[in-house]
Structures are given as structure tokens and as C-alpha cells.
Amino acid sequence: MLKLIHSIVRVYFDYNATTPLSPEVIDATTAASRDLFGNASSVHHFGQQAKAAIDEARSAVAALINGDPSEIVFTSGGTESDNFAIRGAAEVVEATGRRHLIASAIEHEAVLNTLKALARRGWKTSLVGVDQSGIVTPDRVKDAISKETAVVSVMHANNEIGTIQPIAAIAAIAHEHGAIMHTDAVQSVAKIPVDVRALGVDLLSLSAHKFNGPKGVGVLWIKRGTRMLPILTGGKHERNRRAGTENVAAIVGLGVAARLAAGKLEKEAKRLAVLRDQLEKGILARVPGTVVNGEAQTRVPNTTNISFDRVEAESLLIALDLEGIAVSTGSACSSGTLEPSHVLRAMGLSTHRTQNSLRFSLGQFSTEAEVQQVLDVLPRLVEKLRSLTKSVAAARP
Ligand SMILES: Cc1ncc(COP(=O)(O)O)c(C=O)c1O
């Protein structure tokens, strides 16, 4: 998406943080906000119109992940879905003595901090590490699991490096031990085919704003028969699983985004892989001292994470922003701090390398011209920052 603002042509390469709305989503949410104001729980015409629109969106999301519409629970986004998955599945078995939770060390904060919160209430938690390329090997889960484990939560694709985890194998281990398997698929849905049956999971989180849908709306897919306690108590919405009057316009937008994604998934994944590879290869060829993190593994097609030797990532991010190019140092929640990425740290990278890595994530409106613009600008910026560091070091007494 090239945008001309104050004579700078802006490039947005931060799609893993969030995405712009598709024009069709804008039209659908605008129309729904105007026309579908009824409360979906109301018996009259206005309520039933809203309910029908919600059910249409339910079917669209179900089709995207090969679920059944009755298994879709709308939430306020990925964070709530992750909280609901872990707390809801854990608390329902708490009384049986299962008081142990497993997650990977590279999860999003929505999972990591939920485990921390439950640990403060006496739950035992294990964080399973990853190998050097950012993969959770099933054997590590096998080592950590026991008959006390209530929930295993491992993300499908990592938000910082894009690596895809062996979820089906991990789910099989969880089930052998009677545990519930949750996957945070916020960064994989609509980027690669996601099939809840093939993954073999019980719970799956997704979020609309990661695939050109509205912010503040997502889904927890709950396999039929999975016992869960609601985390939001109140009315009987969403089959008693998530109380609160539905945000009809946002849910309609999610449905449209899901339908659009399903229709172009394969083609778009190929297009983005070509652009991402052009960008990645171009950077490695033009900028000395660069290396891709997680490259050896299967990744989602839109993401690359690159270390720039002898460059502070935050400085490069700001220099790029001044040139109109938006990228990220990792998860959006940790940007603005100089905390090294917990994902790169878990991969065993040196402190230096965890602090000099940038994430480039592409999407629907990304073009070859934008890739070229980044490749034209980046070598000069890196060189400038390196020479500044050198002269500061030389000036030191
Ligand atoms: C892997 C992952 N999980 C969960 C979330 C949180 O989703 P939301 O922003 O919809 O709360 C994000 C968003 O950055 C994410 O990347």
C-alpha cells in the first residue's frame, strides 16, 4: 500500500501488527452499523435481522477453518479468545486435580500472561522452549506433560518470525494425556490453509484485524463436546458461552473478511511469498551483515525477520519511518520498549542479535514497487547508522 502523505510515499510493512480494512469490509460494516442496529437477542424483526447477519458471518468463519458454525464463538479479538481458551478449559477441570498448564516460550503475551495470572493462583505452569529455528519440537511437550496437565497451548504461526508449529503432533501428545489442546492461530488464519480437524485441536483463536477485518472482534472455535467455563458471565449469548450483546457490525465485517480470504488464499499466499522472498533476498544481497531468523523452517508467506549486525533495531526502525517505511521490531505490544524479543531469546540468539532484528510483514495491499522502495533505501540507512556507531566508539576516551 503506497500512500502519498506530505510528499513522502509511505510503505506499510507491518501487517502482522494489524491490517487495513478491505473496501468490501468497510462497505459491509458501514451498512450493518446503519441498518442492523437491532439486538440479536430480540424476538422482533430488527433483532432477527441482526441475528441472521451474525449467523451468516458464523458460517463464513466456520468455512474458512473447516469448523461447524455451531462451534464458533465470537469474542472481542485474539486476546480474549486466548484468555477464554486457557481459563475456560482450565477452570472447568480445576476441581479434578488437573492444575498444570503448558505453553511454548514463544507465545504471544495474551497466552504468556494468562499463564502467569493462573500461576499466581496456584496453577503449575511449564514453558516449553524452541530450537534455534523457532520450532517447538513435540518431544519437548512430551517431556513436560503429565496426567495433571489440563491445557496445552502452542501457537500455529509465530507473530515475530512466522514459523509454523507442528500442531497436529503436539495435539496428539496432549490428548494421550487427557489434556485439552489450544492453538493461537491469530497469525496463520487467512495466510495459510487452517483446518481445525487436520490440526486435531480442541480450541483455536483467531482475530479479524489480522486479515483485513475490523479490530476488536475475533473467534474462539470450540470443538463440539469440549467442556468450558465462560469467562464473561451474564446473558445467554453465544449459546451461553460468551455473554454480552453482539457487536453486529464488527462480526459482519469479520464474516466478509473471512469469505474474501477463503476465496483468494492460495493465490494471495503465492503472491506474498514471491514479494517476501524478493525483499528478503534483496536485503541479504545488498546489506552485508544480515541474516534471516527462522529461515530454515516453513513460515507463513508474508513474514521475514532479519538481524542487521552492528545496528540497533530501534534506530533503524525510526530511520525507516522517517523515510516513510513502517516495519516493526517484533510484537506490537513490546515495541516502544528496548526489551529484547522473548521469541528471539527463546531461540538462543545472542543479546546483540535479539536487539538488532526487524520484522517485515506484507499483506493485501503490498506491491513490488514497495519492496523496491525498501531495497533502495535500506542499504544507505544501515551504512549511515553503522558509521555513526563507529564514530561514537572512536570518539570515546
Ligand atoms: C499471535 C497473536 N496472538 C494474539 C494476538 C492478540 O490479538 P488481538 O490484537 O486481536 O487481541 C496477536 C496480536 O498481535 C497475535 O499476534
Side-chain angles (χ1 to χ4, degrees), residues 12-21 25 61 65 72-87 103-117 127 130 134-136 151 153-165 167 170 182-192 194 199 201 203-221 231-232 242 244 247 250-251 253-254 257-258 261 294 299-300 302-305 326-337 339 341-344 346 359-363:
Y12 184 76
F13 274 179
D14 199 12
Y15 277 78
N16 286 8
T18 196
T19 59
L21 295 177
V25 172
V61 179
I65 59 174
I72 300 292
V73 178
F74 290 113
T75 66
S76 66
T79 301
E80 184 187 324
S81 295
D82 287 348
N83 268 264
F84 182 17
I86 297 166
R87 291 173 195 267
S104 88
I106 60 166
E107 295 301 308
H108 188 269
E109 284 80 357
V111 167
L112 293 177
N113 288 335
T114 302
L115 255 66
K116 277 190 196 155
L127 285 190
V130 293
I135 293 294
V136 181
V151 182
S153 180
V154 175
M155 70 202 320
H156 192 201
N158 181 264
N159 43 311
E160 294 191 30
I161 51 174
T163 49
I164 298 167
Q165 305 299 332
I167 297 301
I170 296 171
H182 166 243
T183 192
D184 173 340
V186 166
Q187 294 288 351
S188 60
V189 165
K191 291 181 185 147
I192 54 170
V194 172
L199 290 174
V201 295
L203 303 167
L204 178 142
S205 304
L206 63 89
S207 176
H209 76 97
K210 304 294 185 180
F211 56 99
N212 309 101
K215 292 168 183 54
V217 62
V219 157
L220 182 64
W221 172 82
I231 56 167
L232 285 183
R242 201 273 188 181
N247 183 347
I251 291 171
L254 165 53
R299 291 173 292 165
V300 283
N302 77 317
T303 307
T304 180
N305 187 301
V327 297
S328 162
T329 51
S331 72
C333 324
S334 64
S335 59
T337 73
E339 269 286 293
S341 146
H342 71 281
V343 174
L344 300 182
R359 176 185 76 187
F360 302 77
S361 48
L362 284 59

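Numbering of ligands and ligand atoms starts at 1, following listing order.
Residue His209 has at least one nitrogen or oxygen atom sitting less than 3.5 Å from a nitrogen or oxygen atom of ligand 1, judged on distance alone. Ligand 1 has an N or O atom lying under 3.5 Å from an N or O atom of Gly78, backbone or side chain.
With a 4.0 Å cut-off on non-hydrogen atoms, Met155 touches ligand 1 through its side chain and not its backbone.
With values rounded to the nearest 0.5 angstrom, His108 atom NE2 is found 12.0 Å from Ser153 atom OG. In this structure, CD1 in Ile161 is found 6.5 Å from CG in Leu344, a value given to the nearest 0.5 Å.
At least one heavy atom of Lys210 sits closer than 4.0 Å to an atom of ligand 1.
Remark: among candidates Ser207, Ser205, Ala208, Ala185, the nearest residue to atom 10 (O) of ligand 1 is Ser207, based on non-hydrogen atoms. One option in Thr79, Asp184, Val111 has a heavy atom closer to atom 11 (O) of ligand 1 than any other, and that option is Thr79.
With hydrogens and angles left out, the side-chain atoms of Thr183 and His156 include no donor and acceptor closer than 3.5 Å. With hydrogens and angles left out, the side-chain atoms of Asn302 and Asn16 include a donor and acceptor closer than 3.5 Å.
No side-chain donor-acceptor contact under 3.5 Å links Arg359 to the backbone of Gly162. Put simply, the side chain of Ser361 never gets that close to the backbone of Thr303: no donor and acceptor are under 3.5 Å apart.
Shown in contact with Gly77 at under 4.0 Å from a heavy atom are these atoms of ligand 1, numbered in order with element: 10 (O).
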